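Note sheet for the following structure.
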Amino acid sequence: MISSGGDEDARNPYDRARMSRVEAHFDAESSVYDEVIERIIPGYVEQNVALLDAIPLAAERRFRAADLGIGTGRLAALVLERFPNADLVGYDISSGMLEQSAEALSEYGTRVRLARADLADIEFAGPFELVISGLAIHHLEDETKRNLFRRVLEALEPGGAFLVREVVLGDTEEETERLHAEWRAFIRENGLDDAEVLAAHEDEDVPAPLGAQLEWLREAGFEDVRVHWRRMNFAVFGGTAPDAGDA
Ligand SMILES: C[S@@+](CC[C@H](N)C(=O)[O-])C[C@H]1O[C@@H](n2cnc3c(N)ncnc32)[C@H](O)[C@@H]1O
């Protein structure tokens with residue numbers, strides 16, 4: 001089920017040492033991820049539902065989907081349930097996470113294929129009608145995010161959708177500070193050490209302002225770019241590839 005991917009000759013040079021820390025982190029935490037994630041991410045389950053509800057495809061449609069940074073496969077499982085005729089390719093840099101998702105999605109058999117890949121230099125096995133991504137793109141530097149958005153558009157069928165749930169920055173420093181204070185309070189209320197979570201976030205993550213990411217989607221050529229859900233420094237957003245008739 002899991003094939004190896006990734007290209008050592010990355011077309012987007014970036015901080016490989018930081019990405020190795022990200023990979024090691026998710027390898028180490030893959031078996032406890034599902035237990036802790038809802039205590040760290042405000043509205044994690046709501047985000048799943050918001051993203052699912054934003055998919056502009058009929059439930060019976062036969063199509064191919066991709067999940068970028070599939071993790072333990074929770075979001076992918078929801079897509080596979082709601083769209084029983086869809087097939088899905090899940091990509092992730094962490095072998096530990098791919099093992100978890102392989103187990104969690106085993107009931108879907110050949111409808112699921114998993115591949116180890118770094119989103120910075122991924123070769124998509126497209127085309128897809130749907131590309132989703134949860135909490136993975138903030139691991140990429142901004143230029144690499146923008147490049148990924150362009151490449152996702154190339155991998156989408158005309159009219160296909162790209163939907164993301166992400167941790168974001170505010171559009172100003174003041175807004176980011178306020179959002180981080182609210183986030184810290186949420187983490188503390190859930191019995192976790194907010195300083196530890198924020199320190200790891202600063203070490204491993206490079207989130208971008210929501211407004212900038214919406215702009216990069218438009219620049220890449222996406223249409224109907226919008227925010228479907230927002231709470232604190234988390235958002236569900238995305239856009240659609242132009243229809244063939246729009247060209
Ligand atoms: C916070 S988890 C999110 C998992 C799942 N998508 C979700 O929404 O719960 C981030 C996932 O992205 C993966 N990831 C991080 N950076 C990546 C990269 N550069 N390429 C591919 N996967 C990456 C991690 O290994 C991890 O499985």
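Everything numeric in this text was worked out from a predicted model, so none of it was measured. In each ligand, atom 1 is the first atom listed, and ligand 1 is the first ligand listed.
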- [ ] Provide, to 0.1 Å, the distance between atom 2 (S) of ligand 1 and the closest protein heavy atom, together with that atom's residue and name.
- [x] Tyr33 OH, 3.4 Å

TODO: Would you mind finding which of Ala115, Ala136, Ser95 brings a heavy atom closest to atom 12 (O) of ligand 1?
DONE: Ala136

Task: Considering all heavy atoms, the nearest Ala244-Pro158 contact - done: N-CB, 3.4 Å

Task: Protein contact to atom 15 (C) of ligand 1 [nearest heavy atom, distance to 0.1 Å] - done: His139 CD2, 3.2 Å

Open item on the list: Please determine whether any non-hydrogen atom of Arg74 lies less than 4.0 Å from an atom of ligand 1.
Closed with: no

- [ ] Please determine if Glu182 and Arg178 form a salt bridge, counting it only when a charged side-chain N lies under 4.0 Å from a carboxylate O.
- [x] yes

Task: Atom pair CD1 (Ile70) and CD1 (Ile93), whose distance is rounded to the nearest 0.5 Å - done: 15.0 Å

TODO: Check Tyr91 against ligand 1 and report side chain, backbone, both or neither, counting heavy atoms closer than 4.0 Å.
DONE: neither

- [ ] Could you establish whether Leu75 and ligand 1 come within less than 4.0 Å of each other, counting only heavy atoms on the residue side?
- [x] no

Task: The single option from Val164, Leu163, Leu51, Asp53 passing side-chain contact (heavy atoms from CB on, under 4.5 Å) against His228 - done: Leu163

Open item on the list: I'd like to know if the side chain of Glu38 reaches the main chain of Val45, judged simply by a donor and an acceptor atom lying under 3.5 Å from each other, with no hydrogens or angles considered.
Closed with: no

Open item on the list: Let's go through Tyr91 and Glu123 carefully: what are the C-alpha distance in whole Å and the side-chain angles of both, what is the deciding distance for side-chain hydrogen bond (donor to acceptor under 3.5 Å, both in side chains) to 0.1 Å, and is it a yes or a no?
Closed with: CA-CA 10 Å; Tyr91 299 99; Glu123 295 293 339; over 6 Å; no

Task: Minimum non-hydrogen distance to atom 13 (C) of ligand 1, winning option of Asp34, Asp92, Leu148, Val167 - done: Asp92

TODO: Run the salt-bridge test on Glu157 and Arg64 with the 4.0 Å N-O cut-off and return the result as yes or no.
DONE: no

- [ ] Rounded to the nearest 0.5 Å, what's the gap from OG on Ser133 to CG on Leu119? Could you check?
- [x] 6.0 Å

Task: Whether Ala117 lies under 4.0 Å from ligand 1, heavy atom - done: yes

- [ ] Could you grab the distance from atom CZ of Arg184 to atom CZ of Arg188, nearest 0.5 Å is fine?
- [x] 7.5 Å

Open item on the list: Within the structure, is a non-hydrogen atom of Arg165 found at a distance of less than 4.0 Å from ligand 1?
Closed with: yes

- [ ] Please identify which atoms of ligand 1 are closer than 4.0 Å to at least one heavy atom of Ser94.
- [x] 25 (O)

Task: atom 6 (N) of ligand 1: nearest protein contact (heavy atom, Å) - done: Gly69 O, 2.7 Å

Task: Ligand-residue contact atoms, ligand 1 with Met97, heavy atoms, under 4.0 Å - done: 27 (O)

Open item on the list: Please list, in number order, the atoms of ligand 1 under 4.0 Å from a heavy atom of Leu140.
Closed with: 19 (N)

- [ ] Give the numbers and elements of all ligand 1 atoms closer than 4.0 Å to a heavy atom of Met19.
- [x] 16 (N), 19 (N)

Open item on the list: I need the Leu88 CG to Arg111 CZ distance, nearest 0.5 Å.
Closed with: 9.0 Å

Task: Side-chain donor/acceptor of Thr240 to backbone N/O of Glu223, under 3.5 Å - done: yes

TODO: Please determine if Leu119 has a nitrogen or oxygen closer than 3.5 Å to a nitrogen or oxygen of ligand 1.
DONE: yes

Open item on the list: What protein heavy atom lies closest to atom 9 (O) of ligand 1? Include the residue and the distance to one decimal.
Closed with: Tyr44 OH, 2.5 Å

Task: Protein heavy-atom partner closest to atom 14 (N) of ligand 1 - residue, atom, separation in Å - done: Ile93 CG2, 3.8 Å

Open item on the list: If we only consider heavy atoms of Ile37, is any one of them less than 4.0 Å away from an atom in ligand 1?
Closed with: no

- [ ] Side-chain contact test, heavy atoms from C-beta onward, threshold under 4.5 Å: evaluate it for Phe83 versus Glu129 and give yes or no.
- [x] no

TODO: Using a 4.0 Å heavy-atom cut-off, say whether Leu135 meets ligand 1 through its side chain, its backbone, both or neither.
DONE: both

Task: Heavy-atom nearest neighbour of atom 19 (N) of ligand 1 within options Val22, Asp27, Asp118 - done: Asp118

